[in-house]
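Everything below concerns the one structure shown next.
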Amino acid sequence: MRVIINNGIVNKGLLNSNFAGGLYGNNQTKSSHKLVQSNKSPIASFDETTINQRNQYSTVQPKIKMVLKNKEEVVPGQRPTSPHVTIYKFPLPAVMSIFHRVTGIALGVGLTAVCGASLFGAHDSVYYLELLKNTYPLLVAPAKFCVAFPLVYHTLTGVRHLFWDETLKGLHIKEVDKSCLLILAVSIPISLILAWISI
Amino acid sequence: MLKSSKLFQPRLVSGIFGGYVPNSSIVPINNKSGNILIQSRYAGTTTKTMDKKLPDPSQAIISHKAFHYSTFGLVTCLPVSLLLPTSGLTAIADILLSVFIPTHFFLGMNSVINDYIYQSFLRAGSKLLVGGCAFIILGGILTMTKNGVGLGGTIKALWK
């Protein structure tokens with residue numbers, strides 16, 4: 001028994017697998033790469049045994065066969081990674097998601113430094129902050145911005161994430177874009193104002 | 001087109017952080033019975049797949065809930081600590097923050113480490129480092145509270 005497979009779906013699978021880049025480097029890999037590059041639709045076929053080994057958990061007839069493979073069996077190849085990682089234009093929510101993590105890491109590192117100074121230093125953290133203000137007065141405003149912006153930005157994006165988690169609203173692309181712009185419009189001015197004011 | 005940095009290219013970072021390999025990916029393999037492509041799924045361990053058992057998600061669920069509620073705690077206590085003048089209320093908020101902040105930091109950094117570091121040794125070392133930082137944050141905030149300044153007072157000292 002020979003079955004003709006919809007090769008468009010096979011191509012999709014290959015595009016996904018291409019992201020793993022460099023996992024495979026044999027002849028089959030080269031041929032699969034050509035298949036994606038040439039965008040042809042060759043006729044593929046499975047024998048009856050292969051069809052019987054299809055995924056039992058799916059209600060849809062599978063177009064591909066899944067085989068479990070151990071890490072040791074996967075031979076790294078010398079193929080370059082798919083270029084879509086480098087040429088992809090990141091949308092604003094993706095960039096802001098990255099910055100959410102970056103600001104979180106920055107806050108964590110800064111807080112560790114302040115707490116470490118408080119815990120292990122000869123003086124309290126306030127003493128070192130006063131020392132910074134007296135020694136380098138020009139650095140005070142940038143230092144304030146470096147504290148204020150990550151704090152405000154990370155807080156606002158975190159609150160938005162809580163809102164998403166709790167209400168499941170605002171998750172459409174246009175709404176996410178709007179909330180991204182709103183957060184930027186709020187966090188940057190507030191941070192700039194906080195950088196220049198004193199209590 | 002916006003180009004991402006070359007630093008994130010797998011060929012450069014793979015030597016340091018291990019291969020750019022997701023835990024579960026579809027890869028093509030040879031089929032001896034025909035000249036067609038067969039997909040295989042990359043599996044982390046043999047035993048789990050042989051037993052046909054899924055990994056136990058209970059630990060991940062607990063971590064996720066802890067992270068979620070720590071975020072709630074931060075949203076509640078951080079404004080109290082930062083915006084109000086130093087008092088008994090801010091001291092209570094600081095003590096609560098000494099629990100919420102290290103939890104949030106540790107679990108959040110765990111997610112980052114799991115996403116970007118693949119080598120098991122580096123991954124375990126990074127988590128150990130983050131755990132140490134979490135303990136420093138815990139001890140530091142408690143020390144600040146004990147000294148009467150508090151976390152909010154320390155941060156506000158930059159603005160005074």
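Keep in mind it's a predicted model, so treat the numbers as computed, not measured.
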Region of Leu107(A) in contact with chain B, defined by heavy-atom distances below 4.5 Å: neither
Nearest heavy-atom neighbours spanning Leu158(B) and Lys144(A): O-CE, 3.3 Å
Proximity of residues 125-138 of chain B to chain A, residues having a non-hydrogen atom under 4.5 angstrom: Cys133(B), Ile136(B), Ile137(B)
Heavy atoms from other residues, nucleotides or ligands near CZ of Phe72(B) exceed 12 (cutoff 6.0 Å): yes
Which portion of Lys133(A) sits near chain B, non-hydrogen atoms under 4.5 angstrom: side chain
Leu142(B), part contacting chain A, at a heavy-atom distance under 4.5 Å: neither
Within residues 82-104 of chain B, residues adjacent to chain A where the heavy-atom gap is under 4.5 Å: Leu82(B), Ile101(B), His104(B)
Close approach to chain A in residues 146-153 of chain B, criterion heavy atom under 4.5 Å: Asn147(B), Val149(B), Leu151(B)
Most contacts with chain B, counted as non-hydrogen pairs under 4.5 angstrom, among Val140(A), Val109(A), Asp165(A): Asp165(A)
Which atom of Ala157(B) lies closest to which atom of Val126(A), heavy atoms considered: CB-CG1, 3.9 Å
Portion of Val112(B) that has a non-hydrogen atom of chain A nearer than 4.5 angstrom: both
Cluster overlap Tyr128(A) with Val114(A), hydrophobic side-chain contacts below 4.5 Å: no
Flag side-chain contact, heavy atom, 4.5 Å: Ser118(A) against Thr154(B): no
Interface moiety of Met144(B) toward chain A, non-hydrogen atoms closer than 4.5 Å: both
Same apolar cluster: Leu92(A) and Tyr153(A), side chain cutoff 4.5 Å: yes
Single-linkage hydrophobic cluster Val152(A)~Ile197(A), side-chain heavy atoms < 4.5 angstrom: yes
Phe99(A) atom CZ, over 12 foreign heavy atoms within 6.0 Å: no
Close side-chain approach of Leu129(A) and Ile155(B), heavy atoms under 4.5 Å: no
Donor-acceptor under 3.5 Å (Lys156(B) side chain, Ile199(A) main chain): no
Side chain to side chain, His68(B) and Glu166(A), heavy atoms closer than 4.5 Å: yes
Heavy-atom pair of closest approach, residues Thr71(B) and Gly158(A): CG2-O, 4.5 Å
Interface moiety of His154(A) toward chain B, non-hydrogen atoms closer than 4.5 Å: side chain
Met96(A)-Val176(A) co-clustered via ILVMFWY side chain contacts under 4.5 Å: no
ring-ring contact (aromatic ring centres under 6.0 Å, His included): pairs with one or both residues in residues 156-199 of chain A, sequence neighbours excluded: His161(A)-Trp164(A)
Under 3.5 Å donor-acceptor, Trp159(B) side chain and Ala195(A) backbone: no
Cluster check Val186(A), Leu181(A): I/L/V/M/F/W/Y, side chain < 4.5 angstrom: yes
Heavy-atom pairs under 4.5 Å with chain B, option from Asp124(A), Leu151(A), Thr155(A), Leu132(A) with the top count: Asp124(A)
